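Notes follow once the structure below has been shown.
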Amino acid sequence: MKVTELTKQYDGKTVVDSVSFEIPKGKVLSLIGPNGAGKSTVMGIISRLIARDAGLVDFEGQDISRWKSKELSKRLAILTQSNQIQMKLTVRELVAFGRFPYSGGRITAEDEAIIDQAITYMELDEMQDRFIDELSGGQRQRAMIAMVIAQDTEFVLLDEPTNNLDIYHATNMMKIVRRLCDELGKTVILVLHEINYAAFYSDYICAFADGKIAKFGTVKEVMTRQTLSQIYKVDFEIMEIEGKPLSIYY
Amino acid sequence: MILSIWSLFIGVIDVDLSGLLSGNLEQLEIFLISRLPRLLAILCTGVGMSVAGLIMQQLCMNKFVSPTTGATISSAQFGILLALLFMPNSTLWGRALFAFAAAILGTWIFVWFIQRIQFKDVVMVPLVGIMFGNVIGGITNYLAYQFDMTQALSSWLVGHFSLVVRGRFELVYLAVPLVILAFVFANHFNIVGMGKDFSRNLGVPYNLVLFAGLSIAAMITASVVVVVGSISYIGLIVPNVVAMFKGDRIRGTLVDTALFGAVFVLVCDMIARTVIAPYELPIELIVGIIGSILFVGLLFYRLRHGRKAVRLGAAHAGGCAAPIAQAERGDGV
Ligand SMILES: Nc1ncnc2c1ncn2[C@@H]1O[C@H](COP(=O)(O)OP(=O)(O)OP(=O)(O)O)[C@@H](O)[C@H]1O
Ligand SMILES: [Mg+2]
């Protein structure tokens with residue numbers, strides 16, 4: 001997937017300013033940056049949820065807007081930042097909707113197996129028959145992620161998936177992302193605020209500031225004291241653990 | 001589910017029995033011409049109105065939207081008035097066409113409006129719907145008065161089954177295919193009910209399904225209004241009660257909703273016919289009374305169970321019970 005000169009304005013204010021980058025296939029890419037930097041907007045545009053004002057989004061040789069919606073939903077799945085689903089559905093019923101692009105309403109035995117697997121990935125087995133409107137915020141978030149996993153697409157876009165999750169489940173989430181990439185060959189694009197998760201679990205990082213790309217590169221290239229303190233306007237220290245750069249900020 | 005079928009079966013037998021008893025001198029032939037169409041009309045009304053309500057609630061993401069609180073019924077009545085005005089000799093099909101168009105248009109305008117103005121409070125949506133419905137109802141009444149049509153229109157304002165006799169199966173023809181259509185697209189409605197981004201992600205065209213679904217709901221409602229008249233409450237109560245026990249997955253609840261709706265109207269109709277026998281009360285009256293009792297029961301149930309339900313119930317007790325009673329009056333005038 002290749003993005004060229006992407007621009008988006010809201011009420012005359014440019015929130016994404018000619019952003020260009022290429023998403024490396026079969027890798028984990030994390031988008032980081034301060035609140036309002038335009039990360040979610042970029043995610044929305046490249047997943048055809050938000051209309052752009054200018055620029056190109058090339059997905060597998062064809063512009064994203066020219067893809068048939070149903071075909072695209074088998075290739076690319078997105079979890080948006082805010083999901084207030086008010087419906088009385090069980091976790092399993094929700095996850096089953098991830099299979100909709102493939103089998104419509106009729107869940108096949110193969111679908112059931114994939115649903116089971118997604119539920120197990122997110123450790124939701126015990127609560128799969130509970131109603132999502134009676135779960136905690138983090139549990140609901142995990143159910144939503146399970147649905148996206150059940151959609152079984154080559155491209156998986158997750159906007160702040162670790163939102164609401166405790167340290168155990170957030171770490172588990174990141175390990176799953178790694179597995180989706182390493183074992184199943186998927187391309188995963190994440191928005192993360194926990195820079196150290198981004199550093200530890202992703203291959204590439206794209207740092208946004210004020211609607212522009214401040215830095216795009218491998219983890220090592222982006223995780224420098226200078227870049228990070230410039231983006232976040234906070235003092236940073238970079239350390240190395242298991243050969244990976246981790247940051248301390250204060 | 002089995003219970004529903006069973007109670008439906010009981011209901012049918014009961015009606016047959018009461019039909020036979022009340023007309024024990026009549027012959028089987030008359031029973032067939034008069035009771036059977038009536039029974040079918042009752043079942044279709046119950047099924048149709050509750051399914052229409054279910055679809056509207058899902059698509060609008062609001063438990064308090066229904067054909068009554070979404071201006072659908074009053075729009076259909078407006079359509080009938082237009083048909084009576086412009087084509088005084090129109091057949092039932094002609095009037096149905098007008099009612100369809102008006103109901104669809106009215107519902108679309110309402111939904112467009114509530115999507116434009118993102119209401120913070122869920123109770124605001126049905127309030128606006130009731131207001132909108134009353135405005136349309138007012139125009140209808142004014143026009144009817146101006147053109148001396150009040151008498152002719154009155155039979156569509158208060159629903160009753162006493163006119164449904166002599167082999168009038170129109171409602172069945174109209175409502176059954178639409179309900180089947182609703183069942184086919186149940187999953188689509190569910191997904192659209194979870195929001196724009198959610199449905200885009202799954203490759204479901206949001207606007208298309210939204211408008212198609214609303215049109216189906218509006219057409220079901222309009223066909224009931226054309227044949228039977230206005231029957232409120234069912235579209236609000238039935239889906240809510242069923243969702244309380246069965247959840248919100250339409251594929252799973254549609255059948256239950258339809259059956260419960262049918263049983264509900266059947267019971268109401270039996271009461272309507274027995275209370276002041278040999279005369280008959282308009283079904284609308286009985287549905288209104290039983291509906292409001294159930295509604296209050298629903299409120300108390302929600303108050304007692306769960307944090308979320310409390311908030312919902314509380315908001316609703318203050319803001320919603322009164323307007324619905326008002327809508328009832330509005331429809332009955
Ligand atoms: N629908 C909208 N209408 C108007 N402005 C918007 C809209 N959506 C986003 N914006 C603005 O666009 C800018 C970028 O928003 P975006 O959601 O992309 O930020 P973000 O990087 O995802 O931030 P966060 O880390 O808080 O999620 C913000 O200034 C926001 O106010
Ligand atoms: Mg964001």
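It should be emphasised that the depicted structure is a prediction, and the values quoted were computed from it without experimental measurement. Numbers restart at 1 for each chain; the letters A, B, ... are given by sequence-line order, proteins then strands.
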| field | Donor + acceptor pair across side chains of T162(A), E194(A) (<3.5 Å) | value | yes

| request: Give the C-alpha distance, both sets of side-chain angles, the deciding distance and a yes or no for side-chain contact (heavy atoms from CB on, under 4.5 Å) between Y121(A) and L180(A). | output: CA-CA 10 Å; Y121(A) 261 18; L180(A) 290 176; 4.0 Å; yes

Chain B heavy atoms under 4.5 Å from [X]: which part of the residue, side chain, backbone, both or neither?
{"X": "S47(A)", "answer": "neither"}
{"X": "F131(A)", "answer": "side chain"}
{"X": "I78(A)", "answer": "both"}
{"X": "L94(A)", "answer": "side chain"}

| query | So, is the end of the K39(A) side chain (NZ or CZ) under 6.0 Å from the ring centre of F208(A) and within 45° of the ring's axis? | reply | no

| note | Separation between CD (Q115(B)) and SG (C60(B)), nearest 0.5 Å, reads 7.5 Å

| query | Does R52(A) use its side chain to pair, donor to acceptor, with the backbone of L6(A) at less than 3.5 Å? | reply | no

| query | Between E71(A), M147(A), K68(A), which residue shows the highest count of heavy-atom pairs closer than 4.5 Å to chain B? | reply | M147(A)

| In terms of heavy-atom pairs under 4.5 Å with chain B, which of K74(A), M144(A), K70(A), R48(A) leads? | R48(A)

| message | Heavy-atom pairs under 4.5 Å with chain A: which of N190(B), V204(B), L202(B), I191(B) has the most? | response | L202(B)

| task | Pick whichever of G195(B), G193(B), A186(B), G203(B) has the most heavy-atom pairs under 4.5 Å with chain A. | result | G203(B)

| message | I need the full list of ring-ring contact (aromatic ring centres under 6.0 Å, His included) pairs touching residues 186-214 of chain B, with sequence neighbours left out, sorted by first then second residue. | response | F100(A)-H188(B), W108(B)-F211(B), F185(B)-H188(B)

